[in-house]
Amino acid sequence: MTDNKDFDSIIHEITAGLSGDNDADIKYLEEKMEKYKDHEMSKEIIRACGRIIFKLLPDDKKEEIARIFGNNSSGLDASLEEVRFNIFNKNYDKANQIMEALVKKVEDMKAYEDDQVSEYHIFDELFEEVLYTYIYKPKKDIRPAQIPYTKIYMLYGSLLIDLDRLPDAQESLKKGLRWNPVSFSIMAEYIETYKMMGDLEQFFNLTVEAFDIAFHSKDVARCYRNLGYYFIEKQLWSEAIGCYILSFQFDSGSKQAQSELYYIDSVTNGKIKKPSIDKIKKYSKKYGFPIGANEDIIGLSVSYGRHFLEQNQYNAARYFLSIAYDLTDNPEIGKLIESLPENEE
């Protein structure tokens with residue numbers, strides 16, 4: 001097949017030939033899939049035809065397919081739960097045996113591979129997709145993968161950390177980040193491996209990068225605690241105290257931060273005083289870390305919140321505005337959230 005028409009033109013031509021008779025159209029689409037099987041964009045064309053066929057299937061057939069996927073999903077979830085159970089009981093070898101087989105199985109499937117028109121991801125919540133689109137500006141359609149790759153690679157990475165196989169853990173966590181590049185939980189675990197390996201500079205640099213995807217206050221606080229740890233290791237006591245002060249703005253009840261401040265006080269005999277906000281700002285400029293939550297994240301959450309408010313989609317508006325309020329404690333945003341109706345019309 002040497003048809004040089006681009007993907008959009010081919011799909012437009014195919015959809016233009018649909019008759020409205022579902023049985024006839026399914027057969028027609030199957031013929032088109034056969035026709036374009038050797039085309040340079042065959043994978044993309046066949047997937048697009050497959051999505052149209054699924055929409056044309058009767059409900060009982062759709063349910064049957066859903067059950068098949070559901071059973072597979074249930075099987076994966078059961079395996080992951082068994083791994084967690086064995087980790088809890090410190091049965092690491094057994095957990096690893098199950099996990100290795102599971103990872104091999106899903107990787108051998110080679111499902112949801114990106115093609116020329118689509119890329120596949122798993123986002124745990126809506127703002128992650130918004131943030132991914134803002135940061136990476138994808139040129140392809142974003143579609144959800146139906147296999148829980150992020151759960152698999154996150155759990156496997158954590159298990160490999162328990163087994164003290166840190167380079168392998170990093171590889172697993174990087175695979176998880178491929179499926180969700182804006183997952184703070186995976187990124188935080190990945191950063192932790194550098195701390196465990198004693199690579200403080202990479203630990204610091206990746207923590208600074210992580211501010212760009214930290215859209216919950218507890219995650220921003222964790223970034224500052226990471227920086228505090230880095231400065232403690234460098235015996236830069238005032239800088240460390242400054243970072244823990246910043247962390248309290250986002251997680252005032254952190255026992256870890258309080259413990260680290262007690263440690264600094266004990267090793268310095270209380271000689272290091274709390275730095276002023278101006279001094280903390282100087283540290284921020286000197287070492288290249290931000291003061292406060294990422295401004296783009298706050299702007300995005302407010303912008304989307306107001307957009308959905310204008311559309312009278314109050315649940316979505318509340319979701320996005322709550323992200324901004326969590327990060328800023330801005331009273332105007334708080335009042336706006338309180339004014340939203342509990343139920344959409």
Side-chain angles (χ1 to χ4, degrees), residues 7-8 11 29 33 41-57 61-84 98-160 168-190 210 212-213 215-216 219 316 319:
F7 174 80
D8 289 337
I11 297 304
L29 289 165
M33 291 164 77
M41 297 188 73
S42 60
K43 181 192 294 184
E44 293 81 1
I45 295 167
I46 289 170
R47 282 178 169 175
C49 289
R51 288 192 288 270
I52 299 170
I53 288 174
F54 183 79
K55 291 178 182 177
L56 298 176
L57 289 172
K61 290 292 185 183
K62 287 181 181 177
E63 289 173 3
E64 182 180 343
I65 291 173
R67 277 197 303 273
I68 292 170
F69 278 102
N71 289 338
N72 285 341
S73 177
S74 297
L76 287 172
D77 287 341
S79 295
L80 292 174
E81 195 55 45
E82 187 177 358
V83 171
R84 292 188 190 98
I98 299 167
M99 203 73 232
E100 283 183 343
L102 178 59
V103 169
K104 185 177 188 307
K105 178 181 179 182
V106 297
E107 290 185 348
D108 285 348
M109 289 170 65
K110 296 183 178 179
Y112 304 105
E113 293 181 333
D114 291 353
D115 54 45
Q116 294 185 57
V117 297
S118 303
E119 56 180 77
Y120 293 84
H121 295 286
I122 301 171
F123 298 113
D124 294 323
E125 57 178 292
L126 179 57
F127 193 78
E128 286 184 341
E129 184 169 353
V130 169
L131 187 56
Y132 173 79
T133 301
Y134 176 78
I135 293 173
Y136 291 95
K137 298 175 176 53
K139 304 251 188 285
K140 301 177 183 179
D141 294 332
I142 298 174
R143 300 188 184 279
Q146 300 300 323
I147 294 174
Y149 291 107
T150 49
K151 287 183 182 179
I152 291 168
Y153 289 119
M154 176 70 169
L155 184 59
Y156 193 31
S158 297
L159 172 60
L160 290 167
D168 292 335
Q170 289 179 333
E171 286 303 310
S172 180
L173 294 167
K174 280 194 288 188
K175 288 179 180 179
L177 287 169
R178 171 262 176 269
W179 293 100
N180 186 353
V182 295
S183 169
F184 185 87
S185 59
I186 299 177
M187 184 63 169
E189 192 82 349
Y190 180 62
D212 292 340
I213 60 173
F215 62 91
H216 292 302
D219 297 334
Y319 166 75

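Just so you know, residue 1 is the first one in the sequence shown, and it goes up from there.
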* Checking side-chain contact (heavy atoms from CB on, under 4.5 Å) for the pair Leu155/Lys151: CA distance, chi angles, key distance, verdict? -> CA-CA 6 Å; Leu155 184 59; Lys151 287 183 182 179; over 6 Å; no
* Structure fact -> Heavy-atom nearest pair, Val117 first then Asp115, reads N-OD1, 2.9 Å
* Just how far is it from atom CD of Glu125 to atom CG of Leu131, taken to the nearest 0.5 Å? -> 10.0 Å
* Given the rule in the ring pair (Phe, Tyr, Trp, His ring centres under 6.0 Å) test, do Phe184 and His216 qualify, once you have shown the distances and angles that lead to the verdict? -> CA-CA 9 Å; Phe184 185 87; His216 292 302; 9.1 Å; no
* Looking at CD of Glu82 and CG of Leu102, how far apart are the two atoms once the value is rounded to the nearest 0.5 Å? -> 10.5 Å
* To do: Side-chain contact test, heavy atoms from C-beta onward, threshold under 4.5 Å: evaluate it for Met187 versus Val182 and give yes or no.
  => no
* Asked: Closest heavy-atom contact between Gly157 and Ser172?
  -> N-OG, 3.4 Å
* Distance, nearest 0.5 Å, that separates CD1 of Ile186 from NZ of Lys175 -> 13.0 Å
* To do: Output the distance between atom OH (Tyr149) and atom CH2 (Trp179), rounded to the nearest 0.5 Å.
  => 4.5 Å
* Mind running side-chain contact (heavy atoms from CB on, under 4.5 Å) on Glu113 and Tyr120 for me, showing each step along the way? => CA-CA 7 Å; Glu113 293 181 333; Tyr120 293 84; over 6 Å; no
* Can you measure from CG (Asp124) to CD (Glu129) and round to the nearest 0.5 angstrom? => 12.0 Å
* Structure fact -> For Ile147 and Ile122 the tightest heavy-atom approach is O-CD1, 2.9 Å
* **Closest contact, heavy atoms only, Glu119 versus Pro138** => OE1-CB, 3.6 Å
* **Distance-minimising heavy-atom pair for Pro181 and Ile213** => O-CD1, 4.3 Å
* Counting N and O atoms only, with roles assigned by atom type, does the side chain of Lys137 sit under 3.5 Å from a partner on the main chain of Tyr134, one being a donor and the other an acceptor? -> yes
* **Short N-O contact, Asp114 and Arg178, less than 4.0 angstrom** => yes
* Asked: What's the verdict on side-chain contact (heavy atoms from CB on, under 4.5 Å) for Asp168 and Tyr156, showing C-alpha distance, side-chain angles and the deciding distance?
  -> CA-CA 9 Å; Asp168 292 335; Tyr156 193 31; over 6 Å; no
* Asked: So do Leu177 and Tyr153 actually touch side chain to side chain, heavy atoms under 4.5 Å?
  -> no
* Asked: Of the non-hydrogen atoms in Ile142 and His121, which two are nearest, and what is the gap between them?
  -> CG2-CD2, 4.2 Å
